[in-house]
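What follows is a set of notes on a single structure, which appears directly below.
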Amino acid sequence: LGVDQSQGDLADRAAIDKAMEGIDLVFHVAARPGVWGRYHDFHRPNVMGTENVLQACRNRGVKHLVYTSSPSVVFNGQDMAGVNESVPYPDQWAAHYPRTKALAEKMVLAAGRHDLQTIALRPHLIWGPGDNHLVPRIIRRARRLRRVGHGRNRVDTIYIDNAAHAHLLAAGVLLDRPELSGSVYFISQDEPIALWEMVDAILAAADRSPVTRSISAPAARRIGTLLEWIYRTLRLPGEPPMTRFVAEELATEHWFDIQAAKTELGYQPLVSTPEGLRRLKAWLRENRPNRRPY
């Protein structure tokens with residue numbers, strides 16, 4: 001593809017600085033995701049890493065940066081139905097990932113209003129062929145999944161090609177409309193769907209059965225709180241089967257008004273959800289024999 005690769009640690013300032021040599025524009029898409037772990041393990045790549053990327057941009061004279069954030073930075077554990085970018089950050093976060101991503105996003109936006117040209121994007125639940133996070137997580141836990149709450153809560157998602165398209169649009173806007181520097185945008189499929197309908201669709205793409213068992217939202221939160229305490233107290237390896245953050249995410253609505261992205265970035269989804277699921281199904285069938293079983 002004519003792409004040079006330079007592998008390094010986001011916390012390694014020298015490695016990041018070297019990677020910026022001869023660069024005109026940066027897409028900062030790297031982060032540690034997840035719902036469980038030590039704060040330091042999230043802070044190091046997500047916050048320190050972003051600090052290093054911003055400083056390397058300054059050192060190398062790179063003026064333009066597109067940052068991949070997350071809608072979880074504003075998630076307060078309650079329904080978020082049709083909210084736009086004016087919704088504030090919460091007073092506290094239920095997991096280290098959204099907290100550290102919020103800290104990083106704030107730095108990127110501040111830089112965009114001061115000495116760099118930056119835009120932050122908040123793609124929600126990215127999925128598609130090549131996914132090594134959301135889709136495998138759903139498939140791996142298929143037999144243990146429970147619907148949390150009434151099951152009618154809607155969410156936004158975004159197919160990977162649409163997320164990439166939005167990043168390219170943001171880069172073009174930075175070059176052509178510098179007055180939009182320091183802005184943040186929600187991006188999605190722009191068609192909210194019942195969360196469990198989407199989960200079942202992903203399972204169907206993997207030739208798995210839909211989720212049939214359920215648990216109430218209050219019960220899931222109580223179980224998550226208890227399991228978090230047990231895992232911390234006993235220092236158990238791995239991740240709790242349920243956490244407060246996961247329980248709240250699965251039981252609430254979180255879909256967003258993406259009018260700003262449409263108006264200012266010119267964003268429109270290029271791949272529909274049904275077409276994306278068709279592509280995902282084909283990719284899963286093609287790659288499963290050569291991949292570790294989920």
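From a predicted model like this one, the values you see are computed outputs, not experimental measurements.
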message: Determine whether Asp131 and Ile126 satisfy the following criterion, side chain to side chain contact (heavy atoms under 4.5 Å, CB included), listing intermediate values before the conclusion.
response: CA-CA 8 Å; Asp131 182 8; Ile126 304 174; over 6 Å; no
- request: Considering only NZ, NE, NH1 and NH2 on the basic side and carboxylate oxygens on the acidic side, decide whether Arg147 and Asp200 come within less than 4.0 Å.
  value: yes
query: Do the side chain of His64 and the main chain of Ala171 share a donor and acceptor less than 3.5 angstrom apart?
result: no
- prompt: With side chains defined as the heavy atoms from C-beta onward, is the minimum distance between Leu265 and Leu121 less than 4.5 Å?
  reply: yes
query: Side-chain donor-acceptor pair under 3.5 Å between Asp190 and Ser188, yes or no?
result: no
- request: Show your reasoning for whether side chain to side chain contact (heavy atoms under 4.5 Å, CB included) applies to Tyr39 and Arg99.
  value: CA-CA 9 Å; Tyr39 179 72; Arg99 178 184 176 188; 3.7 Å; yes
query: Any donor and acceptor pair, going by atom type alone, linking the side chain of Arg213 with main-chain N or O of Val211 inside 3.5 Å?
result: no
field: Closest non-hydrogen atom pair between Thr118 and Gly112, with its separation
entry: OG1-CA, 3.1 Å
message: Nearest 0.5 Å, please: how far is CZ in Arg154 from CG in Asp79?
response: 10.5 Å
query: Between Glu228 (side chain) and Thr243 (backbone), is there a donor-acceptor pair under 3.5 Å?
result: no
- request: Spell out, yes or no, whether Val53 and Val184 are grouped together once hydrophobic residues are joined by side-chain heavy atoms under 4.5 Å, including indirect joins.
  value: no
Asp24, CG atom: more than 12 neighbouring heavy atoms under 6.0 Å: no
query: Is Arg137 paired with Glu239 through a side-chain N to carboxylate O contact shorter than 4.0 Å?
result: yes
statement: All heavy atoms of Pro45 vs all of Arg32, minimum pair found to be CG-CB, 3.7 Å
query: Is there a path from Val66 to Ile158 through hydrophobic residues (I, L, V, M, F, W, Y) whose side chains come within less than 4.5 Å of each other?
result: yes
query: So if you build clusters from Ile, Leu, Val, Met, Phe, Trp, Tyr with side-chain heavy-atom gaps below 4.5 Å, do Val173 and Ile187 land together?
result: yes
- prompt: Can we say Glu275 and Arg279 salt-bridge, meaning some charged N sits less than 4.0 Å from an Asp/Glu carboxylate O?
  reply: yes
query: Is the closest side-chain donor-acceptor distance between His28 and Thr68 under 3.5 Å?
result: no
task: Show your reasoning for whether side chain to side chain contact (heavy atoms under 4.5 Å, CB included) applies to Met80 and Glu253.
output: CA-CA 5 Å; Met80 306 194 82; Glu253 298 219 331; over 6 Å; no
query: With hydrophobic residues grouped by side-chain heavy-atom distances under 4.5 Å, do Phe42 and Val47 end up in a single group?
result: no
Closest non-hydrogen atom pair between Ala11 and Arg44, with its separation: CB-CZ, 3.4 Å
message: Using 0.5 Å steps for rounding, measure from the CZ atom of Arg222 to the CD1 atom of Ile215.
response: 8.5 Å
query: Mind checking whether Ser69 and Phe186 have side chains closer than 4.5 Å, heavy atoms only?
result: no
message: Could you walk me through whether Asp115 and Lys63 satisfy the salt bridge (Lys or Arg N to Asp or Glu O under 4.0 Å) test, starting with their C-alpha distance in whole Å, then the side-chain angles of each, then the deciding distance to 0.1 Å, before giving a yes or no?
response: CA-CA 8 Å; Asp115 60 343; Lys63 290 295 184 182; over 6 Å; no
query: Does some side-chain heavy atom of Trp255 sit less than 4.5 Å from a side-chain heavy atom of Val155?
result: no
message: Side chains of Arg13 and Asn52 only: does a donor on one sit below 3.5 Å from an acceptor on the other?
response: yes
- prompt: What heavy-atom pair brings Ala94 and Arg244 nearest, and what distance separates the two atoms?
  reply: O-NH2, 4.4 Å
message: Check whether Ser183 reaches the backbone of Leu180 with its side chain - one donor and one acceptor, N or O, closer than 3.5 Å.
response: yes
query: If we only count heavy atoms from C-beta on, is the Leu54 to Met107 side-chain gap below 4.5 Å?
result: yes
query: So, Thr273 side chain and Glu191 main chain: donor-acceptor pair closer than 3.5 Å or not?
result: no
task: May I ask you to decide if the ring planes of Tyr267 and His165 are parallel, tilted or perpendicular, using 30° and 60° as cut-offs?
output: tilted
- prompt: With distance as the sole criterion, is a donor-acceptor pair present between the side chains of Thr252 and Gln78 under 3.5 Å?
  reply: no
Connected via hydrophobic side-chain network under 4.5 Å: Val29 and Met20: no
message: Tell me whether Arg113 contacts the main-chain N or O of Gly182 through its side chain, where contact means a donor paired with an acceptor under 3.5 Å.
response: yes
message: Is there a side-chain contact between Val87 and Phe256 in this structure, where contact means two heavy atoms from C-beta onward sitting under 4.5 Å apart?
response: no
query: Do the ring planes of His167 and Phe27 sit parallel (below 30°), tilted (30 to 60°) or perpendicular (above 60°)?
result: tilted
message: Counting neighbours of CD on Gln92 that are heavy atoms of other residues, nucleotides or ligands and sit closer than 6.0 Å, is the number greater than 12?
response: no
- prompt: Tyr185 pairs by side chain to side chain donor-acceptor pair (under 3.5 Å) with which of Lys262, Glu264, Gln259, Glu85?
  reply: Glu264
query: What's the shortest heavy-atom distance between Gly34 and His133, and which atoms?
result: N-CE1, 4.3 Å
message: Check whether Thr263 reaches the backbone of Ala260 with its side chain - one donor and one acceptor, N or O, closer than 3.5 Å.
response: no
query: Does Lys281 use its side chain to pair, donor to acceptor, with the backbone of Ala206 at less than 3.5 Å?
result: no
Modelled atom types, side-chain donor and acceptor of Asn162 and Gln189, under 3.5 Å: yes
- prompt: Does some side-chain heavy atom of Phe75 sit less than 4.5 Å from a side-chain heavy atom of Trp93?
  reply: no
field: Any side-chain heavy-atom pair of Val62 and Leu25 under 4.5 Å
entry: no
query: Are Tyr97 and Asn46 close enough, and set up right, to give a side chain to side chain contact (heavy atoms under 4.5 Å, CB included), and what steps lead you there?
result: CA-CA 8 Å; Tyr97 172 72; Asn46 296 355; 4.0 Å; yes
field: Residue pair His124 / Thr157, side-chain donor-acceptor N/O under 3.5 Å
entry: no
message: To check you understand the geometry: which heavy-atom pair defines the closest contact between Ala102 and Val73, and what is its length?
response: N-CG1, 3.4 Å
message: With no hydrogens and no angle check, just 3.5 Å: does a side-chain donor-acceptor pair link Tyr89 and Glu105?
response: yes
query: Side chains of Leu125 and Asp156: closer than 4.5 Å at any heavy-atom pair?
result: no
